Amino acid sequence: VRYTARVVPADEQPACTSGGGGTPAGGTALTATLPVAQGSRSRVAVVADNGWHCSVSLSDPVFGTPASPDASAATIAAVVRDDALDVQLTTAPATSSGTWLEARVRSGAADGPWQRAGAGSWLTPAGPSFQYGSAVAVELRACAPGAGSGGVCSSPSRVGGSVTPLALRASVAECRPLQPLSATVPGNATPLARGEVVASYLVGGSWTGERPATEPVPAGATQVRAWGVVTYLESGPFKDLFPTEAGCGL
């Protein structure tokens with residue numbers, strides 16, 4: 001038996017014809033390296049020929065390396081989510097059938113991991129190595145299924161502009177009536193992010209209006225809700241969506 005392998009379009013159903021004289025066409029090698037055109041969706045067709053009869057086997061679809069995505073069709077923004085101003089991919093370029101988009105955040109020497117993304121995806125990396133308050137850029141790449149369980153991805157494209165994610169969560173160390181609230185403003189890497197803490201107190205079964213944490217805790221307060229508020233350059237203020245809660249006492 002001799003074998004011949006070639007790359008065909010994914011929707012093609014190739015046929016074969018044997019010579020019929022007992023002399024098979026092809027070679028004896030059981031492996032081959034075949035080029036797949038960039039951006040194509042193809043199959044590998046293998047013809048087995050014994051000189052009298054032949055058969056064709058088709059692989060699952062394989063993809064050539066996709067073209068880089070059009071980063072000009074993407075936009076990013078810093079948007080308040082939970083206890084931070086996080087990086088969001090607000091619009092994303094289209095991808096061809098069978099491929100997907102991946103994104104990563106770049107911040108100096110610390111790059112976030114590649115992750116699948118689309119319009120609306122949150123991109124802020126998790127983990128201690130990422131610092132809020134640092135300007136970040138976003139790169140995109142297009143990926144397609146590769147051999148085995150892997151994938152093939154394009155060269156990255158950088159989205160225009162940069163954003164600065166900010167931490168918004170405040171912490172409360174101590175709440176003692178008639179003394180200023182002992183609270184820590186949100187921590188960010190840049191001194192241009194000006195943070196403060198505002199608080200509301202439970203007094204006699206009712207919550208007070210919000211006031212700066214530097215003001216004394218009202219008499220009779222039994223509980224506090226504290227929010228971080230951050231202003232960055234001329235943007236903001238940005239407020240934590242969910243307060244830090246703690247008890248108050250003597």
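Just so it is clear, the model here is predicted, and its values are computed rather than measured.
Under the 4.5 Å side-chain criterion, counting only non-hydrogen atoms from C-beta, T95 is not in contact with W100. Between V197 and W227, every side-chain heavy-atom pair lies at or beyond the 4.5 Å cut-off. At least one side-chain heavy atom of Y232 sits under 4.5 Å from a side-chain heavy atom of T164. At least one side-chain heavy atom of V36 sits less than 4.5 Å from a side-chain heavy atom of S42. In this structure, V172 and L181 have side chains that are in contact, with non-hydrogen atoms separated by less than 4.5 Å. Residues P156 and W114 are in side-chain contact: their nearest non-hydrogen atoms beyond the backbone lie under 4.5 Å apart. The side-chain heavy atoms of P93 and L140, taken from C-beta on, include a pair separated by under 4.5 Å. Side-chain contact between D86 and V79: absent, with no pair of heavy atoms (C-beta onward) separated by less than 4.5 Å.
Enclosure of atom CD in Q131 is not indicated, since only 12 or fewer non-hydrogen atoms of other residues, nucleotides or ligands lie within 6.0 angstrom.
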Set out, in order, the CA-CA distance, both residues' side-chain angles and the distance that settles side-chain contact (heavy atoms from CB on, under 4.5 Å) for W122 and V87, then state yes or no.
CA-CA 6 Å; W122 298 100; V87 185; over 6 Å; no

Determine, step by step, whether T222 and V203 satisfy the side-chain contact (heavy atoms from CB on, under 4.5 Å) criterion, reporting the C-alpha distance in whole Å, the side-chain angles of both residues, the deciding distance to 0.1 Å, and the verdict.
CA-CA 6 Å; T222 58; V203 180; over 6 Å; no

Before giving the answer on side-chain contact (heavy atoms from CB on, under 4.5 Å), spell out for D83 and F242 the whole-Å C-alpha distance, their side-chain angles and the decisive distance to 0.1 Å.
CA-CA 7 Å; D83 58 0; F242 302 102; over 6 Å; no

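We find the CZ-CZ distance between R104 and R141 to be 7.5 Å, quoted to the nearest 0.5 Å. Interatomic distance, SG of C175 versus CD of Q223, reported as 9.5 Å (0.5 Å rounding). A distance of 7.5 Å separates CD in E139 from CZ in R158, rounded to the nearest 0.5 Å. Atom OH of Y3 is separated from atom CG of L30 by 6.0 Å, given to the nearest 0.5 angstrom. Between atom CG of residue D82 and atom CG of residue L241 there is a gap of 6.5 Å, rounded to the nearest 0.5 Å.
No side-chain donor-acceptor contact under 3.5 Å links D240 to the backbone of P243. For the pair S157 (side chain) and P69 (backbone), a donor-acceptor distance under 3.5 Å is present. Within the 3.5 Å criterion, the main-chain N or O of A137 finds no donor-acceptor partner in the side chain of S162. The backbone N or O of A142 sits less than 3.5 Å from a side-chain atom of S154, completing a donor-acceptor pair. In terms of modelled atom types and a separation under 3.5 Å, the side chain of T65 and the main chain of C153 share no donor-acceptor contact. In this structure a side-chain-to-backbone donor-acceptor pair under 3.5 Å is present from T208 to Y201.
Listed here is the closest heavy atom pair of A45 and P14: CB-CG, 3.8 Å. The shortest non-hydrogen separation linking T4 to A25 is OG1-O, 4.1 Å. Shown here for A144 and T99, the closest heavy-atom pair between the two residues is CB-CG2, 3.8 Å. Listed here is the closest heavy atom pair of P177 and A221: CG-O, 4.0 Å. In plain terms, the two heavy atoms of S18 and C54 that are nearest each other are N-SG, 3.7 Å. Nearest heavy-atom pair across G161 and I76 is O-CD1, 4.1 Å.
Side-chain atoms of E102 and Q115 form no donor-acceptor pair, as typed in the model, at a separation below 3.5 Å. A side-chain N or O of T75 and one of T90 form a donor-acceptor pair less than 3.5 Å apart. Side-chain contact, T190 with N188: no donor N or O sits under 3.5 Å from an acceptor N or O.
Under a 4.0 Å N-O distance rule, the pair E12/R43 does not qualify as a salt bridge. Under the 4.0 Å criterion applied to side-chain N and carboxylate O atoms, R225 and E245 are assigned as salt-bridge partners. By the 4.0 Å N-to-carboxylate-O rule, E196 lies too far from K239 to be salt-bridged with it. The residues R2 and D49 are annotated as not salt-bridged, no charged nitrogen and carboxylate oxygen being separated by less than 4.0 angstrom.
Residues W207 and V229 do not share a hydrophobic cluster, defined by chaining ILVMFWY side chains whose heavy atoms lie under 4.5 Å apart. L34 and V47 fall into different hydrophobic clusters, where Ile, Leu, Val, Met, Phe, Trp and Tyr residues are linked whenever their side-chain heavy atoms come under 4.5 Å apart, directly or through other members. A continuous path of hydrophobic side-chain contacts links L89 to V105 [ILVMFWY only; heavy atoms under 4.5 Å]. Under the 4.5 Å side-chain contact rule for hydrophobic residues, V163 and L85 do not share a cluster. By the rule that hydrophobic residues join a cluster once side-chain heavy atoms approach within less than 4.5 Å of another member, V136 and L166 end up as members of separate clusters.
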